> 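Here it is, the structure in full.
Note that ligands are numbered from 1 as they come in the structure, with each ligand's atoms numbered from 1 the same way. Note that the coordinates shown come from a computational prediction; the quantities given were computed from them, not determined experimentally. Residues take their numbers from the sequence shown, with the count starting at 1.
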Amino acid sequence: MSDNVRIEREDNIGLICLNKPPVNALGVALRTSIYNAFSELLSDDQVKAIVLYGEGRFFSAGADIKDFARAAEKPTLPELLKTLNDSPKPVIAALHGVAFGGALELALSAHLRVATHGLKVALPEVKLGLLPGAGGTQRLTRLTGIAAAIDVICSGRHLSDKEALSLGIVTRVVDGTVRDAGITAAKEVLTGELKTVPTDSLRVELDDAALSAAQDKLSKGLTAPQRALEAIRAATLPIDEGLAKERALFMELMQGEERAGLVHAFFAERATSKIPEASNATRTIVRVGVVGGGTMGTGIAAAFCIAGFPVSLIETDAKCVTNARATVEKTLAGALKRGKLSEQDHADALEQLITSIELRELASVDLVIEAVFEDMVVKQELFQKLDTLCKPNTILATNTSYLDINQIAAATNRPDDVIGLHFFSPAHIMRLLEVVVADKTAPEVVATSFEIARRISKIPVRSGVCDGFIGNRILTSYRKVCEYLVLDGADFQQVDHALTDFGFAMGPFAVGDLAGLDIARASRVRTAVTRPPEERYSRVADLICDQGWFGSKTGSGYYLYSDDKLTGPNPQVQAIVENERAALSIAAKSFDDGEIVARCVTAMIQEAVKVLEEGIALRPIDIDAVKLFGYGFPKHRGGPLHLADQIGIDTVIARIEDYSAEDSYFWQVPRLLRDMVKRKQTFSDLNAQYDATGKNDGSKA
Ligand code: 3H9
């Protein structure tokens, strides 16, 4: 008996129950316990077969991801798995819930695998910049053949119990407890009714066609899936050679920046919910109201409908109501088609969706989200009405992207109920939700908002109030530097290419066209009065808008479009840029792609640090989460502040100082960066100062 496993005996079956909450991660402590338990059962003459199963919600989440920063301690997972595989007594893995990564590899090294219904298996290592490093590429490929192994390993996707059964990953899927499933299988093995097949004894045929087809399809930017293919190819070698090849490739990836970035993204997704308000009691949210049936309002309504909330969606007139309802219905039909909603849930969502022109429909809802025109007066008037008609304790949320939520809250007699819930388009798909906490927002309203985010499968990030909050504020800086680059000599297409090569799905100018150049212009007009005279301003985007070119929706912007498809650059943009350079007496310089990326990334880091200094974001990792899950920052780069650590804080400062020779207003070294250098700190050190409740105890860095 140890803290991490429980040894049990039933007749002549020995059982090892993994019991290391929360996820039975196979860190050194659990590996050692399994190893010791296994040795004990092996040396027990009464025990004729050994079953491994898991306590809790699932079998195991695989290797302990937190250990990746440390050198592997003995017994390593491959060593432990070899011991299981070489066992003279039959070893049965009984799986339930989840068996991911190293946990599935553990099961594959057993002599037989059985499951209970609902099991999900995966080798998701590529999503962490790795490949399965404990025999997964060798043993899975031996079981399933090369083509199926490529699909499973290079995608990292989750497989259902049915698929696991049809691929031969498990031998049977049964009802009942997983412990009973394991014991029954072990007894049948001992009577010879069920055959065990040691995976290592299987041979696999080389499938060159499948390997080259996969090679062509893989994303060129990422290393892990490429290396995974090499490892799968090695499954045609004798097992020891294949395992050695897999291990070498795994260790190479372990040292890489791609692994560091993706693991940071994994923890970022989970870190942001650790907020100081989390311990507050939450309010009960049953019915949700949405005001505004445009793109955002209908997307938000759909997100709540998909999550099973009854929704009341309000528009101003009958035509708008009809259109809004049609949009939500279309989104729900899409969710049904993609399997995100069952037939029953789809029918329920439609039945529970109320669309109306009557604001008083909101009298009984528990949460209202406003998604009306981005105008302070309009929003304040609406909030005054909501204040009067909504019941006490209803949370009044605004989806504003930029406006001052303190001013919106001040229009009500209950500013403690007011909060920002900033969704991203398409709101039923994008994972990020900025939860914007105003000066008077009650802690329980914050806690409830985070709970709602969990229920609608969003990644909530706590933000304070400032123009653009965390995400749009950093975006504005990024966009400015892109525009300066064009004014100073870069071609806008080159800027787009440099940034897509860096890993963004689209460059900033193509994104601008898609989002609508008129939208960005409206935001610039709004901030024009407060724009400091020292700030450089590029008029190029305004001049493009002056032509009536607002991007894809008008058929032209920076690029030209036909049927919404980009057909090429707009040749007239170059003339606009050149005229502007001439008017400003700018001598065009050339920038290589590396310089373009360096400037864009440095601008994001600079603004992110200001956001942190001002306390708008709680931790550096929250800022990374915003950029990763709402703004398409390449996941394998880990977010701007993770990247700043990789670049080196000294280098970031040197770059800002260098660029500030050209523009000393935009480029200013934030004080925090200099302090960090003095204290020899990284952003990772700053993240480590926060405890599990999001409080900074300052002691751990
Ligand atoms: C691997 O196996 C490599 C091998 O091939 C080779 C080795 C040689 N390790 O997600 P949740 C934490 S690579 C450490 O909120 P859920 C998580 O951070 C691994 N910690 O729960 C969180 O901590 P906190 C391949 C882990 O129920 C807490 O557990 N495996 C791990 O929504 C709860 O997590 C994967 O990639 C881990 N492996 O979902 C599986 N997993 O409370 C990754 C989770 O402090 N994990 N934590 O924030 C998952 O997919 C989900 O966590 C899982 C549970 C579905 C298991």
Side-chain angles (χ1 to χ4, degrees), residues 18 20-31 54 56-82 95-109 118-140 152-153 155-159 224 227-228 231-232 243-244 246-254 259-260 262-275 278 431 450 453-455 457-460 619 621-622 625 635 687-688 690-694:
L18 280 51
K20 185 153 182 21
V23 294
N24 285 334
L26 292 158
V28 67
L30 183 53
R31 293 197 305 268
R57 288 183 297 145
F58 47 74
F59 180 64
S60 163
D64 192 330
I65 301 170
K66 292 193 188 84
D67 279 355
F68 288 174
R70 294 193 284 273
E73 290 175 70
K74 284 180 175 290
T76 63
L77 197 56
E79 286 165 353
L80 173 66
L81 271 44
K82 182 159 171 41
L95 309 175
H96 79 292
V98 159
F100 286 171
L104 179 57
E105 293 178 292
L106 186 154
L108 291 169
S109 72
L119 174 73
K120 276 197 262 170
V121 296
L123 290 174
E125 284 84 347
V126 289
K127 294 184 179 168
L128 299 170
L130 289 169
L131 53 80
T137 62
Q138 305 306 299
R139 297 194 176 107
L140 185 88
V152 174
I153 295 170
S155 71
R157 71 185 178 84
H158 298 174
L159 276 64
R227 296 289 179 273
I232 293 168
L243 288 172
E246 177 197 80
R247 189 72 183 161
L249 292 166
F250 175 82
M251 294 312 284
E252 176 202 323
L253 291 173
M254 191 58 109
R259 194 273 306 157
L262 287 167
V263 167
H264 183 73
F266 175 86
F267 286 119
E269 184 175 339
R270 287 153 180 87
T272 61
S273 295
K274 294 171 180 141
I275 51 156
R431 303 282 320 278
F450 272 73
R454 189 192 59 73
R455 287 171 67 190
S457 304
K458 299 290 176 213
I459 300 170
R619 295 158 287 227
I621 201 166
D622 290 41
K635 246 182 161 184
N687 284 323
Y690 289 82
D691 65 16
T693 64

> Which one of Ala63, Ser60, Ala271 has a non-hydrogen atom at the shortest distance from atom 7 (C) of ligand 1?
Ala63

> Looking at Arg31 and Glu79, is any side-chain nitrogen of the basic one under 4.0 Å from a carboxylate oxygen of the acidic one?
no

> What is the nearest protein non-hydrogen atom to atom 14 (C) of ligand 1, stated with its residue, atom name and distance?
Asp64 OD1, 3.2 Å

> Regarding ligand 1, does Gly133 bring an N or O atom to under 3.5 Å of one of the ligand's N or O atoms?
yes

> Suppose we measure from atom 45 (O) of ligand 1 to each protein heavy atom; which comes out shortest, and what is that distance?
Lys274 NZ, 3.2 Å

> Between Ala134 and ligand 1, is there a nitrogen or oxygen pair with a distance under 3.5 Å?
no

> Answer yes or no for Glu79: is there a heavy-atom contact with ligand 1 below 4.0 Å?
no

> Looking at every heavy atom in both Pro132 and Ile153, which two are closest together, and how far apart are they?
CD-CG2, 3.8 Å

> Would you check if Tyr690 and Lys274 make a side-chain contact, meaning some heavy-atom pair closer than 4.5 Å?
no

> Report yes or no: does a heavy atom of Lys127 sit under 4.0 Å from some atom of ligand 1?
no

> What residue and heavy atom of the protein are closest to atom 21 (O) of ligand 1, and at what distance?
Arg57 NH2, 4.2 Å

> Nearest to atom 31 (C) of ligand 1, what protein heavy atom do you find, and at what distance?
Val23 CG2, 3.8 Å

> Flag the pair Glu105 and Arg139 as a salt bridge only when some basic side-chain nitrogen lies within less than 4.0 angstrom of an acidic carboxylate oxygen.
no

> Please tell me if atom 39 (O) of ligand 1 is touched by the protein, where touching means a protein heavy-atom distance below 4.0 Å.
no

> Under 6.0 Å from the CD atom of Glu252, do we count more than 12 heavy atoms belonging to anything else shown?
yes

> Quick check: do Arg431 and Lys458 have side-chain heavy atoms less than 4.5 Å from each other?
no

> Show me which atoms of ligand 1 lie under 4.0 Å from any heavy atom of Leu128.
13 (S), 19 (C), 36 (O)

> Taking the side chain as C-beta and beyond, is there a heavy-atom pair between Ile65 and Phe267 under 4.5 Å?
yes

> Could you tell me the residue and atom name of the protein heavy atom closest to atom 28 (C) of ligand 1, and the distance to it rounded to 0.1 Å?
Pro22 CG, 4.0 Å

> Looking at side-chain heavy atoms only, is the closest gap between Ser155 and Val126 below 4.5 Å?
no

> What protein heavy atom lies closest to atom 10 (O) of ligand 1? Include the residue and the distance to one decimal.
Arg270 NE, 2.7 Å

> Below 4.5 Å, heavy atoms only, C-beta onward: do Leu131 and Leu253 meet side chain to side chain?
yes

> Could you check whether any side-chain heavy atom of Lys127 comes within less than 4.5 Å of a side-chain heavy atom of Phe266, counting everything from C-beta outward?
no

> Any idea which protein heavy atom is nearest atom 43 (C) of ligand 1, and the distance to it?
Phe266 CE1, 3.5 Å

> Quick check: do Arg247 and Pro78 have side-chain heavy atoms less than 4.5 Å from each other?
yes

> Could you tell me whether atom 24 (P) of ligand 1 has at least one protein heavy atom nearer than 4.0 Å?
yes

> With a 4.0 Å cut-off on heavy atoms, is Gly136 touching ligand 1?
no

> What residue and atom, counting heavy atoms only, is the protein's closest point to atom 53 (C) of ligand 1, and at what distance?
Phe58 CZ, 4.5 Å

> I want to confirm something. Looking only at heavy atoms, which of Gly101, Ala61, Gly62, Ala692 is nearest to atom 30 (N) of ligand 1?
Ala61

> A quick test of your reading: do over 12 heavy atoms of other residues, nucleotides or ligands sit less than 6.0 Å from NZ of Lys20?
no

> Just to be sure I read this right, does ligand 1 sit under 4.0 Å from the backbone of Phe68, its side chain, both, or neither, counting only heavy atoms?
side chain

> With a heavy-atom distance limit of 4.0 Å, tell me whether Met251 approaches ligand 1 through its side chain, its backbone, both, or neither.
neither

